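This one's a predicted model, so the numbers in the text were calculated from it and none came from an experiment. Proteins come first, then strands; the chains are lettered A, B, ... in the order of their sequence lines, and each starts at number 1.
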Protein chains: 4
Amino acid sequence: MGPGLHAKPHDISCAHDLGKLSAQAGWVVLTGGRDMGVMDAASRGAKLAGGLTIGIVPDSSPSDLSEFVDIAIATGMGSARNNINVLSSDVVIACGMGMGTASEIALALKANKPVILLNAGEVAIDFFHTLSPLNVTIAANVEDAINKAKILLDSLSN
Amino acid sequence: MGPGLHAKPHDISCAHDLGKLSAQAGWVVLTGGRDMGVMDAASRGAKLAGGLTIGIVPDSSPSDLSEFVDIAIATGMGSARNNINVLSSDVVIACGMGMGTASEIALALKANKPVILLNAGEVAIDFFHTLSPLNVTIAANVEDAINKAKILLDSLSN
Amino acid sequence: MGPGLHAKPHDISCAHDLGKLSAQAGWVVLTGGRDMGVMDAASRGAKLAGGLTIGIVPDSSPSDLSEFVDIAIATGMGSARNNINVLSSDVVIACGMGMGTASEIALALKANKPVILLNAGEVAIDFFHTLSPLNVTIAANVEDAINKAKILLDSLSN
Amino acid sequence: MGPGLHAKPHDISCAHDLGKLSAQAGWVVLTGGRDMGVMDAASRGAKLAGGLTIGIVPDSSPSDLSEFVDIAIATGMGSARNNINVLSSDVVIACGMGMGTASEIALALKANKPVILLNAGEVAIDFFHTLSPLNVTIAANVEDAINKAKILLDSLSN
């Protein structure tokens, strides 16, 4: 999860690597599906590494779909689809920060899902850590995020 | 799409074959995802033929998920997820009839999606044909449904 | 519930009277909220009789809102809001028939809500009666629909 | 908007007064509808002052409905209903903080709705102010929140 239109270059670069390493780990990569920002970059990274990508799009038809999404789920429900994004994920990695991303993190925590924050900024880290100390994990970089996701997935399957 | 709990044996058998032939045609099979009735049988048929299966489940966690679903999308929105099922499909094949199935057909027609009816019964055929003469196609059997879906998909991609 | 854009004059006239008599019975009138067809007419009838009207609109802002709706609920989820319409109703009266209306009737029956059909046409009556013999009631005219709704509401509160 | 189960006594007391003053200002009070925490208190305050209260409940039937809600909208879509709460509001007042509340604030900002924070805590204020400097307003107390809501509503209607 991460910003679309207003994603920063560093977030986009990290998202690409998160997608690539997730695919290499054998994980399915699920994003908001649009052809911009973190969603697009994570899907691209995953596809280039031979992974499978899912996009849960807010529109009723996949008009702004990333070309790197294999499976497009058209919800037609706008930002309410953010709840589907997190309910359908085992681990949520948030890369960067924005209003939609913040709603996804909050909805994930509400649904008791583990969330890993990358490039969130100190203020956001403070906030979400206060909101849910147990389910929020801070990652120092892409590799750290992937390693922490592996540990969380292992603990879920045990 | 088709009945879950109250599916008839013939509908289940047809759903299995629809799933199998869809997978053999190279299509992704999307169902309501539950471990019962037409959803489960179509997913099973598709998996046994090496296909990819998506399940859009009504619950917030995939507790009643068919074991033949590869990708589970947990919506947590009950029957409102029926709209996502049809928005995410290129062609809707309804196998058998029930209240949920009827809602999916009506929502599909509302979204201007082509619908193929198999084992719907005369009364249902009459009703949906009256409702949308152009978008409702009647299939005589599984092979006929698959052939008509092929024609519809070809016309969509042209 | 009933057709919007393609509502027939007789359906619109009946919807107005249904709204009026519902308000006079002390009921809150809930519709799909748009400024057209059965939704608009039922809200208008209810308002002119001093009733309270709710509109559950498909858009994320109430741009096409009927001027006779007191409380607009903006869902931003398109036709998936049809499920909210029926879940929030004690009794569903369908006036006329169309694709959206058919989806609402089917979703209502799936949610075990009583449905009264007015001006549905023989084919639709046959279909929905077959689908759910117990929860589908046929009304001969507006007064009959209101009387049958009263009986259903009495039985729900007992 | 505000916490349900884990609401603090001071938040509940403020929510009651927010509801009362909102009703006295002639506003409709819309909450998440449940019989607990800030939702219940705001509805209670509004009802005791003769106001009209709407509750957008997450369940498919209003089983945990606050007794102070006049109009219950049953969404059956869990936390995804948080988006409906904010889309249907002209101004969002968040009283206290929690995971659901945070998701509502973020979804409101995403939908470009003005948000007033009361009893949010410094960390949350920092975070949301950074996220959307223009649409986030801080209130010092209940009266200040109501005054600021009045100004925002006036600017919306001009």
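Of the N and O atoms on the side chains of B:S79 and C:N83, not one donor lies less than 3.5 Å from an acceptor on the other residue.
Put simply, of B:L131, B:N82, B:L107, the one with the most heavy-atom pairs under 4.5 Å next to chain C is B:L131. In terms of heavy-atom pairs under 4.5 Å with chain B, the best-connected choice from C:G98, C:S132, C:A111 is C:G98.
Only the side chain of B:T130 comes within contact range of chain C, judged by heavy atoms closer than 4.5 Å.
The one candidate from C:L152, C:L153, C:V28 that meets the side-chain contact (heavy atoms from CB on, under 4.5 Å) condition with C:D90 is C:L153.
Salt bridge status for C:K148 with C:D144: present, with a side-chain N to carboxylate O gap under 4.0 Å.
By the 30° and 60° cut-offs, the orientation of the rings of B:F127 relative to C:F128 is perpendicular.
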